[in-house]
Amino acid sequence: MSMNNQGRPTRPETDDMTNSETFTGNRALQIEEPLIFEGGDMDGTGVDLPKPKGSGNRLGGLERQSNINLPGLAEPEAMRHFVRLSQKNYAIDMGPFPLGSCTMKHNPRLNEKMARLPGFGDIHPLQPVSTVQGALELIDTLATWLKELTGMPAVAMSPKAGAHGELCGMMAIRAALEARGEADTRTRVLAPESAHGTNPATAAQCGFKVDSIPADASGRVDLDAFREKLGPDVAGIMVTNPNTCGLFERDIRAIADAVHEAGGYFYCDGANFNAITGKVRPGDLGIDAMHINLHKTFSTPHGGGGPGSGPTVLSEALAPFAPIPYVVSGKDGFELVEKRTQDEGQSFGRMTAFHGQMGMFVRALSYMLSHGGDGLRQAAEDAVLNANYVLARLKTEMTPAFEGTCMHEALFDDRFLADSGVDTLDFAKAMIDEGYHPMTMYFPLVVHGAMLIEPTESEAKQELDRFCDALLSLAKEAKAGKVGKFKAAPVHAPRRRLDETGAARKPVLRWTPPVSDAASLAAE
Amino acid sequence: MRYLPLNEIDRAQMREVIGVADIDELFADVPGETLNPSLNLPDHQGEFQVETILGEMAAKNRAAGAGPFFVGAGAYKHHVPATVDHIIQRSEFLTSYTPYQPEIAQGTLQYLFEFQTQVAALTGMDVANASMYDGSTACAEAALMAKRITKRSRVVMSGGLHPHYASVTRTNSELIGDDVIFAPSSPDGQEDILDFIDEETSCVIVQTPDIFGNVRDLTPVAEAAHEKGALLIAVVTEIVSLGALKSPGEMGADIVVAEGQSIGVSLNYGGPYVGLFATRQKYVRQMPGRLCGETMDAAGQRGFVLTLSTREQHIRRDKATSNICTNSGLCALAFTVHMSLLGGTGLRQLATLNHEAACDAADAFSAIDGVELVNTSFFNEFTLRLPRNAEEVVEDLAQRNIIAGVPGGRLWPDEEEMANLLIVATTECVTSQHIEAFAAALKEVL
Amino acid sequence: MTLKFTEDHEWVKVDGDVAIIGITPHAAEQLGDVVFVELPDTGKTFSQNDDMAVVESVKAASDVYAPISGEILEVNNDIVEAPEKVNEDPAGAAWFVKIKPSDLSELDKLMDEAAYKEFIG
């Protein structure tokens, strides 16, 4: 035979991990990446532009003299920089992202493709209305879907995000009170203790005082306490339904009746509308306004914290006060109402420069058309089924905050960790090492050490089983006293726990050149 | 259905584990008569069918890139490098959430830190936040911030401020009982804004280049405002201008708000865009919105976190600086990527090209009989006074596939004297052929 | 010299014409790492229970209320510069403000040390 003993070994020779430190600080696919300003060429640029002709200067003597001092990277450098950064992020495309009330569901790529059609992505908000009839048609079609799904007669499309939608709803309420001559007397807004922070912040931004309503033992609005707080100075109530404990407010119609009887309005926070889309219409429950987070319910991407989009449905009572601009169907096609006319004089005004988040509208409509009415209902049912499955599987080791089933998210408290030395934060950080993004923690505030898990309809059963197995295992380990592991976690993430105290005491909010560089830049 | 992984077998098994026979048992708290309403909506459809429906709608719109295009007034048609769209579609950026768990969100946090640094450098300010919804809402928030700092309740707005920005700011400020004063609009950029500033004034809001395109010297306004204890809020709707013009920070602004769409973000028919918000170090705790800061991890490595959160709604609730919760993360990323490619050098070149196109266009159009250039100075946008109603002219030109600009009647529907004004923007996407075509067509329709 | 406590965890020490005000060690512990303190301007007057100062940790922001009415004579800029001092010595060096009390009878509504200890359990 001919023998060839050249070449590389084909079996691992050791599993010794003791010398795992690297010279670069990199860990194979995890590559450390400096800021673009550290080493980037301050005179360079990664774009090729035509040469200026050197003609004309009408800048009025206000030319920029100072250096901009920002590096320009060549395309390969820029690609590497941002791709390396991307690899330090968790994402819904990698695994479950069970942030309760934030609703991280799958973002279909068809939506992205549609939003990038030049007819949507490359049109200007102020070009002639005759040249954007398809855009107005899209807005009108989306509005029709939203009205049908909510059972409400009108929808304001311009709010830029959920909190902006809340502002829209509360501004409409304020405008309605002004029209009734009661804006000065109705100054109190009721909101449950479990409300998201945006609710009281929004009410305050509209000049209202906020009064908290306690929860009852089942985690819902305490109806008696609520009724007691009603009075002639109440402007309205803000209630999230399903609420932030993942429960449907079963007294919602009684709440609506009572607030209406007292002369106030009912703002419903629609952050959790994804749990009931196609199952029940908020309009049938007596609400006056509700924002819809297109990025939660209708799958537009969260993009690391935005952009959101918060169309706000309005009742007959509030519809006349809707913000401008809005789309109407005229005899020669769609028209855009951009000013308060004589007949429409009650609009509370403008919320944003243009017409809202068109890019998100396209994505949301693409999602809706793909699902259809039947699929949207199925999605809500699957979201609720998945959450209850997680609740059922985890309650053997973890402690549900409330008895019974839940809607789209399962809420646990930290009783199961009592005396273990492990707290909610430690538990969450240990999940990171297991390859999962933690659930929402310490919210809602009404539950001690809250852990709010929302799987959404996007998770397959197999994926949920793996997730539950991991959490059950962690819960057992915590109870078994493996405190050190939890306190140290995460150890496998791109970074260990970060010092938030230090960051807040001496805030460093931007890069500044090292002193020697700064001196030479100043000398230029 | 393609986005729903559960099948009927899964569902049955899961119901059994939960202990319900029917899914509607989980909806038992919903008032029975309202459950499962009949919906007048079509059933689910395949990708191809959805593409067809949406494609037909898109085809009815005239895209900016499909011919001569001169519309600006707060949003601008610029070229976006291919790299930008690729990066923002990476799963790890597109499908991540607000960086609540910093150990597994350093990608987002680091680009936000880079974004903040770029915005501060461009505007000439000390610090910038991690972005707002858009320029107009940033402007409204700046007025509220000035009230918190000065504890005064009168907002003075320049007549050169984009009327939509002015109206958004008024909507917000009047809600909390503030006075809002508008200086009259003066298309040539000469206004006596200083006369409106007094000891009750919380802030004066001035845009540069203004809505008519005039480049405004903010230095005297800053001095006058500071003398009365008021703040100067500078508004920039065309951020590319800062590649050519003195920064608002150099001219004494206390808060700078800007629309960042021009760098990295498509026109998108008005949104999503990215609001820029920068200020002086001493006001940082009065800022709205998210802030990213540098820190160390447990192993002593540099990392980034969201910081100074106690200003925000989730902690401060009704005493928060703003109710804002999201930022415009993905658009901020697009801005950061595009700006990282441009660098200061590229931005200067880009600004020069924009300005030269405007000089050429202004010369060509004002040479036409009856057409008058209103501005004495401008960057990439200027205003023409036409001999007839500009809205009609724009329609006539649109018939000839030229999207000519923003007519005065669109922005000031109630002001007769604005009706003949046409605001024309030129960017690096405007060619000399476009300018010639516009000039020839304008001669025809006048 | 009188030392009194409020239910909102401020302490006030009156010595002649001057009252020194701070937050209790219990409050400092509950807040966690203090990262920011905002103090009023000297010369400003407050009524009992008015919002007077702000103290922030990473996770919470709290108002500090005036335990008694009066005019601000002096503020402790050391804790503005180094907020961590509030955690280190809340009952001593990390006092917040000194005021000139306008109505010493208001002290009667407050708790003495023993009562406060019982109050916080």
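The model shown is predicted, which means the values in this text are computed figures rather than measured ones. We name chains A, B, ... by the order of the sequence lines, and we start the count at 1 in each one.
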What part of A:Asn57 is in contact with chain B, defined as an atom under 4.5 angstrom from a non-hydrogen atom: side chain, backbone, both or neither?
-> both

Any cation-pi pair here, A:Lys279 with B:Phe27, using under 6.0 Å and within 45°?
-> yes

Of the backbone (N, CA, C, O) and the side chain (C-beta and beyond), which part of A:Phe37 lies under 4.5 Å from a heavy atom of chain B, both, or neither?
-> side chain

Go through the atoms of B:Leu122 and report whether side chain, backbone, both or neither lie under 4.5 Å from a heavy atom of chain A.
-> both

Of all heavy-atom pairs between B:Ala75 and A:Phe354, which one has the smallest distance, and what is that distance?
-> CB-CE1, 4.4 Å

Hey, what do you get for CZ (B:Phe93) to CG (B:Leu330), rounding to the nearest 0.5 Å?
-> 9.0 Å

Checking heavy atoms, do the side chain of B:Ser322, its backbone, both or neither come under 4.5 Å from chain A?
-> both

Using non-hydrogen atoms and a 4.5 Å limit, figure out which bit of A:Ala203 sits close to chain B: side chain, backbone, both or neither.
-> neither

By a 4.5 Å heavy-atom criterion (distance strictly below it), what part of A:Leu99 contacts chain B: side chain, backbone, both, or neither?
-> side chain

Top of A:Glu249, A:His81, A:Met407 for chain B proximity - count of heavy-atom pairs under 4.5 angstrom = A:His81

Heavy-atom distance under 4.5 Å to chain B: side chain of A:Met114, backbone, both or neither?
-> side chain

What class does the angle between the rings of A:Phe97 and B:Tyr97 fall in, given that below 30° is parallel, 30 to 60° is tilted and above 60° is perpendicular?
-> perpendicular

Select one option (side chain, backbone, both, neither) describing which atoms of B:Leu245 are under 4.5 Å from chain A's heavy atoms.
-> both

Measure A:His106 against the heavy atoms of chain B and call it side chain, backbone, both or neither at under 4.5 Å.
-> side chain

Among A:Gly308, A:Ser366, A:Ala78, the residue with the most heavy-atom pairs under 4.5 Å to chain B is A:Ser366

Applying a strict 4.5 Å limit to non-hydrogen atoms, the region of A:Leu391 in contact with chain B is neither

Per-residue contact mode, B:Arg11 against chain A (heavy atom under 4.5 angstrom) = both

Below 4.5 Å from any heavy atom of chain B, which atoms of A:Arg253 appear? Answer side chain, backbone, both or neither.
-> side chain

N/O donor-acceptor pair under 3.5 Å between B:His355 side chain and B:Phe379 backbone | yes

Contact class of B:Thr137 relative to chain A, heavy atoms under 4.5 angstrom = side chain

Just by distance, with hydrogens left out, do A:Gln378 and A:Asp374 show a side-chain donor and acceptor under 3.5 Å apart?
-> no

Which one, B:Leu291, B:Ile104, B:Thr295, leads in non-hydrogen pairs under 4.5 Å with chain A?
-> B:Ile104

Polar side-chain atom of A:Arg174 near backbone of A:Cys206 as donor-acceptor pair, under 3.5 Å = yes

Which of A:Leu138, A:Ile276, A:Thr45, A:Asn89 touches chain B most, by non-hydrogen pairs under 4.5 Å = A:Asn89

Which value, rounded to the nearest 0.5 Å, describes the distance between B:Arg62 atom CZ and A:His124 atom NE2?
-> 12.5 Å

The interface call for B:Gln13 against chain A, heavy-atom contacts under 4.5 Å, is side chain

From the list B:Val20, B:Thr376, B:Asn172, the residue making the most non-hydrogen contacts under 4.5 Å with chain A is B:Asn172

B:Gln116 side chain vs A:Leu509 backbone, donor-acceptor pair below 3.5 Å = yes

Around B:Asn40, counting heavy atoms of other residues, nucleotides and ligands shown, do more than 12 lie under 6.0 Å from its CG?
-> no

Side chain of B:Glu356, backbone of A:Lys53: donor and acceptor closer than 3.5 Å?
-> yes

When A:Thr405, A:Val210, A:Val384 are compared by non-hydrogen pairs under 4.5 Å with chain B, the top option = A:Val384

Does A:Thr202 reach the main-chain N or O of B:Asn323 with its side chain, forming a donor-acceptor pair under 3.5 Å?
-> no

Segment of A:Glu381 engaging chain B (4.5 angstrom heavy-atom cut-off) = both

Looking at B:Asp217, B:Ile88, B:Ile403, which makes the most heavy-atom pairs under 4.5 Å with chain A?
-> B:Asp217

Can you tell which part of B:Glu428 gets under 4.5 Å to a heavy atom of chain A, answering side chain, backbone, both or neither?
-> neither

The interface call for B:Leu350 against chain A, heavy-atom contacts under 4.5 Å, is both

Of the backbone (N, CA, C, O) and the side chain (C-beta and beyond), which part of A:Leu35 lies under 4.5 Å from a heavy atom of chain B, both, or neither?
-> both

In terms of heavy-atom pairs under 4.5 Å, which option from A:Asp284, A:Ile432, A:Leu149 contacts chain B the most?
-> A:Ile432

Output for pair (A:Glu459 CD, A:Asp382 CG), nearest 0.5 Å, gives 12.0 Å

What part of A:Pro50 gets closer than 4.5 Å to chain B, counting heavy atoms only: side chain, backbone, both or neither?
-> both

Ignoring hydrogens and angles, tell me if any N or O in the side chain of A:Arg495 forms a donor-acceptor pair with the backbone of B:Gln106 under 3.5 Å.
-> no

Part of B:Ile87 within contact of chain A (heavy atom distance under 4.5 Å) | side chain

Are B:Glu51 and A:Lys113 within salt-bridge range, i.e. N to O under 4.0 Å?
-> yes

What part of B:Asp360 gets closer than 4.5 Å to chain A, counting heavy atoms only: side chain, backbone, both or neither?
-> side chain

The interface call for B:Ala299 against chain A, heavy-atom contacts under 4.5 Å, is both

If you count heavy-atom pairs under 4.5 Å with chain A, which of B:Val127, B:Asn214, B:Leu242 comes out on top?
-> B:Leu242

Pairing of B:Asp297 and A:Arg496 as salt bridge, 4.0 angstrom limit = no

Is B:Arg15 reaching over with its side chain to a backbone N or O of B:Asp10, donor-acceptor style, under 3.5 angstrom?
-> no

Verify, without hydrogens or angle tests, whether A:Asp93 (side chain) and B:Ser91 (backbone) share a donor-acceptor contact under 3.5 angstrom.
-> no

Using a distance-only test with no angle check, is there a side-chain donor-acceptor pair under 3.5 angstrom linking A:Gln357 and A:Ser309?
-> no

Between B:Thr34, B:Thr307, B:Val305, which shows the greatest number of heavy-atom pairs under 4.5 Å with chain A?
-> B:Thr34

Per-residue contact mode, A:Asp499 against chain B (heavy atom under 4.5 angstrom) = both

Sort A:Pro52 into side chain, backbone, both or neither according to what part of it lies under 4.5 angstrom from a heavy atom of chain B.
-> both

Residue selection (most heavy-atom pairs with chain A, distance under 4.5 Å) from B:Glu47, B:His162, B:Arg348, B:Met1 = B:Arg348

Among A:Met79, A:His196, A:Gln133, A:Gln205, who wins on heavy-atom pairs under 4.5 Å with chain B?
-> A:Gln205

Of all heavy-atom pairs between B:Glu25 and B:Gly19, which one has the smallest distance, and what is that distance?
-> OE1-O, 4.4 Å

